[in-house]
Amino acid sequence: MSFPLLTATAVLPAVGAVATAAVPAARRTAAKWLALLVSLATLVLAIVVMVRFDPGGARYQLTESHAWISDFGVRYELGVDGIAVALLALTALLIPFIILAGWHDADPLETGSKRWRPTQGFFALILAVEAMVIISFEATDVFLFYIFFEAMLIPMYFLIGGFGDRAHAQGEEAASTQRSYAAVKFLLYNLVGGLIMLAAVIGLYTVAGNFSLAEIAQARANGSLHMATSTERWLFLGFFFAFAVKAPLWPLHTWLPNAMQESTAPVAVLITAVVDKVGTFAMLRFCLQLFPEASKWATPTILVLALISIIYGALLAVGQRDIKRLVAYASISHFGFIILGIFAMTSQGQSGATLYMVNHGISTAALMLVAGFLISRRGSRLIADYGGVQKVAPVLAGTFLIGGLATLSLPGLAPFVSEFLVLVGTFTRYPAIGIIATFGIVLAALYTLVLYQRTMTGPVKPAVSTMPDLKARELVVVAPLIVLLIFLGVYPKPVTDIVNPAVRQTMSDVHKTDPKPAVEAAK
């Protein structure tokens with residue numbers, strides 16, 4: 001039996017979470033280093049997965065299959081395609097930076113505080129989320145995927161509610177109340193989506209007789225499994241609803257601004273750059289592959305919802321006074337672009353959407369983590385409390401600017417390539433929607449540049465006059481992300497070469513081909 005590489009990538013952070021939680025309370029620093037080393041070892045395994053994956057080979061590679069709950073047709077089945085490999089690598093890459101950025105976020109609070117923050121628990125929960133997200137990307141059994149799709153809500157609930165941002169102007173009691181509200185709202189929204197999906201998973205089993213993604217897709221392709229049109233549409237809606245909540249897609253997005261506002265910056269990155277990607281990934285893997293006809297039936301409605309997300313999220317970002325809420329609404333707009341690319345049903349759109357998942361994860365991590373360093377120095381999330389930061393902390397301001405420019409998809413930075421592909425792929429099939437979506441770029445430039453202008457330029461406010469610049473640990477967090485944004489902005493080929501074959505197979509699942517150009521190229 002070959003080494004179970006995919007299992008190892010998920011089991012290692014899971015075991016690391018248990019080991020970190022078991023470190024004695026007096027050994028907080030040891031717990032931090034243990035969590036960091038485990039995350040780095042997981043990154044090494046993810047790199048091995050990338051190296052061993054052959055983009056020109058079988059659709060699902062490094063597969064593992066074992067009997068689990070035989071009476072109900074549930075198997076422990078893992079496998080990765082190019083899309084899963086890219087997102088697995090993104091997750092494994094970001095977790096070490098999240099841990100480093102949150103190095104002091106779970107340190108004991110000041111004397112007299114009513115709250116106790118277990119440092120070991122904070123880092124153990126981060127590793128637990130990593131394990132569950134990774135196995136969600138690897139699972140090719142629908143029921144196995146569902147278990148971890150839902151299970152990751154529990155550690156996220158405690159990370160939001162138990163380790164919230166210290167920068168709160170209304171006092172500890174009010175802050176605790178708002179954290180609890182944000183955590184409960186996150187949990188309820190996602191639980192409702194998960195329960196609806198559970199009904200659809202059960203319905204899928206009654207129709208197909210098993211939960212194997214590959215077997216169901218193959219049976220549908222060769223005609224041995226037939227679903228009534230109404231059945232397929234209801235099952236599709238059950239799956240899509242859960243994924244749209246996680247994504248988050250308008251109007252199911254309202255939990256995200258609260259969750260990101262009340263979380264520490266590293267946890268906010270974990271939410272939007274890692275956990276939320278499971279929703280958009282699942283749309284590609286499950287919705288399109290299992291329910292191709294229903295996906296095409298729902299496409300016009302989903303495109304409109306994605307378009308609303310793009311414009312609505314960007315407009316609300318323009319009007320925000322809180323830095324974290326601004327990034328949250330910007331992310332809602334960006335997820336609208338991702339979903340637009342998926343359901344444009346073109347190879348450019350879906351390649352751009354997958355690349356956007358990766359690039360958005362890196363750019364949002366860069367911007368939010370630098371914003372977190374800024375907020376920790378001033379003790380406030382309000383934009384109005386800043387001014388002139390670039391004169392006292394030029395490196396912090398410079399990295400903040402690059403993260404912001406990546407968010408507005410400036411050419412030369414990674415998100416530009418993916419956003420361009422999404423818009424081109426959308427325009428070739430739905431020109432009106434492509435044109436309207438372009439206004440999201442204009443609004444992104446507005447909210448990003450206004451944010452930078454109000455916080456970093458102008459007269460130096462007294463409260464920031466003694467603000468220190470980025471320290472060595474913070475530079476170690478930010479510098480690699482900036483380098484990746486520039487590298488993938490100039491040379492995205494390493495990622496596109498991995499994802500493009502999987503995109504072509506997804507296009508084949510829904511029996512779609514790219515539209516022919518209206519005007520033939522001159523010979």
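- Between the CG atom in L315 and the CD1 atom in I310 there is a gap of 12.0 Å [rounded to 0.5 Å].
- Proximity of a side-chain donor or acceptor of E130 to a complementary backbone N or O of I126 within less than 3.5 Å is not detected.
- Atom CG of L256 and atom CG of L249 lie 12.0 Å apart (nearest 0.5 Å).
- Considering only heavy atoms from C-beta on, T466 stays 4.5 Å or farther from V392 through its side chain.
- Between H253 and Y312, the ring centre distance stays below 6.0 Å.
- A side-chain N or O of Y76 and one of T7 form a donor-acceptor pair less than 3.5 Å apart.
- Between H334 and H360, the ring-plane angle classifies as perpendicular under the 30° and 60° cut-offs.
- In this structure the side chain of V245 reaches within 4.5 angstrom of the side chain of W255, judged on heavy atoms.
- Annotation: side chain of L396 is in contact with side chain of R377 (closest heavy-atom distance under 4.5 Å).
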Practice item. Test K324 against M368 for side-chain contact (heavy atoms from CB on, under 4.5 Å), laying out the working first. Key: CA-CA 7 Å; K324 287 186 176 180; M368 179 58 84; 4.1 Å; yes
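- Within the 3.5 Å criterion, the main-chain N or O of E77 finds no donor-acceptor partner in the side chain of E64.
- Taking Y491 as the reference, nothing meets the side-chain hydrogen bond (donor to acceptor under 3.5 Å, both in side chains) condition, with sequence neighbours excluded.
- R473 CZ: more than 12 foreign heavy atoms inside a 6.0 Å radius.
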In a table with atom names and distances, give each donor-acceptor pair under 3.5 Å that connects a side chain of residues 151-160 to protein atoms at least two apart or in another chain.
none

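- The two atoms that bring A84 and F137 nearest to each other are CB-O, 3.4 Å, heavy atoms only.
- Side-chain contact between T140 and R285: present, with at least one pair of heavy atoms (C-beta onward) separated by less than 4.5 Å.
- Ion pairing of K185 with E262 is absent here, as no side-chain N (NZ or NE/NH1/NH2) approaches a carboxylate O to less than 4.0 Å.
- A heavy-atom distance below 4.5 Å is found between the side chains of T364 and S331.
- Considering CG of L94 and CG of L43, their distance stands at 10.0 Å, rounded to 0.5 Å.
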**Study point:** Test side-chain contact (heavy atoms from CB on, under 4.5 Å) applied to V142 and Y146, step by step
**Key:** CA-CA 6 Å; V142 177; Y146 173 78; 5.6 Å; no
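- For the pair Q453/L449, no side-chain contact is recorded, criterion being any heavy-atom separation below 4.5 Å from C-beta on.
- Here the closest non-hydrogen pair linking A14 and A131 is N-CB, 3.7 Å.
- The shortest heavy-atom contact between A101 and V477 is N-CG2, 3.8 Å.
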Considering only distance and modelled atom types, tabulate donor-acceptor pairs under 3.5 Å from the side chains of residues 405-413, sequence neighbours left out.
{"from": "T407", "atom 1": "OG1", "to": "G403", "atom 2": "O", "distance (Å)": "3.0"}
{"from": "S409", "atom 1": "OG", "to": "E419", "atom 2": "OE1", "distance (Å)": "3.0"}
{"from": "S409", "atom 1": "OG", "to": "E419", "atom 2": "OE2", "distance (Å)": "3.3"}

Review point. Going through the checks in order, is the side-chain contact (heavy atoms from CB on, under 4.5 Å) test met by I338 and M283?
Key: CA-CA 11 Å; I338 293 170; M283 291 179 188; over 6 Å; no
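- Every pair passing side-chain hydrogen bond (donor to acceptor under 3.5 Å, both in side chains) that includes a residue from residues 384-397 is listed here, sequence neighbours excluded: S380-D385, Q390-Y452.
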Practice item. Please assess V267 against D105 for the test side-chain contact (heavy atoms from CB on, under 4.5 Å), listing each intermediate value before the final yes or no. Key: CA-CA 10 Å; V267 173; D105 285 355; over 6 Å; no
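- Within a 6.0 Å sphere centred on CZ of R454, heavy atoms belonging to other residues, nucleotides or ligands number 12 at most.
- When side chains are defined from C-beta on, L36 counts as touching W103, because their heavy atoms get closer than 4.5 Å.
- Considering only heavy atoms from C-beta on, V129 comes within 4.5 Å of V275 through its side chain.
- Atom CH2 of W33 sits in a sparse spot, with 12 or fewer heavy atoms from other residues, nucleotides or ligands closer than 6.0 Å.
- Among residues two or more places apart in sequence or in another chain, the side-chain hydrogen bond (donor to acceptor under 3.5 Å, both in side chains) test is passed with Y189 by T254.
- Sparse packing is recorded around CZ of F143, with 12 or fewer heavy atoms of other residues, nucleotides or ligands lying under 6.0 Å away.
- A distance of 7.0 Å separates CG of L87 from OG1 of T280, quoted to the nearest 0.5 Å.
- Taken to the nearest 0.5 Å, the CG atom of L374 stands 5.0 Å off from the CE atom of M467.
- Listed by chain and residue number, nothing satisfies the side-chain hydrogen bond (donor to acceptor under 3.5 Å, both in side chains) test with Q61 (two or more places apart in sequence, or in another chain).
- For the residue pair T9 and A46, the shortest heavy atom distance occurs at CG2-N, 4.4 Å.
- The shortest non-hydrogen separation linking A414 to L488 is CB-CB, 3.7 Å.
- Residues P13 and V38 approach most closely at CA-CG1, 3.8 Å, considering heavy atoms.
- The ring of F400 has its center no closer than 6.0 angstrom to the ring center of F373.
- In this structure, NZ on K277 lies 12.0 Å from CD1 on I271, to the nearest 0.5 angstrom.
- With hydrogens and angles disregarded, a donor-acceptor distance shorter than 3.5 Å links the side chain of K461 to the backbone of A384.
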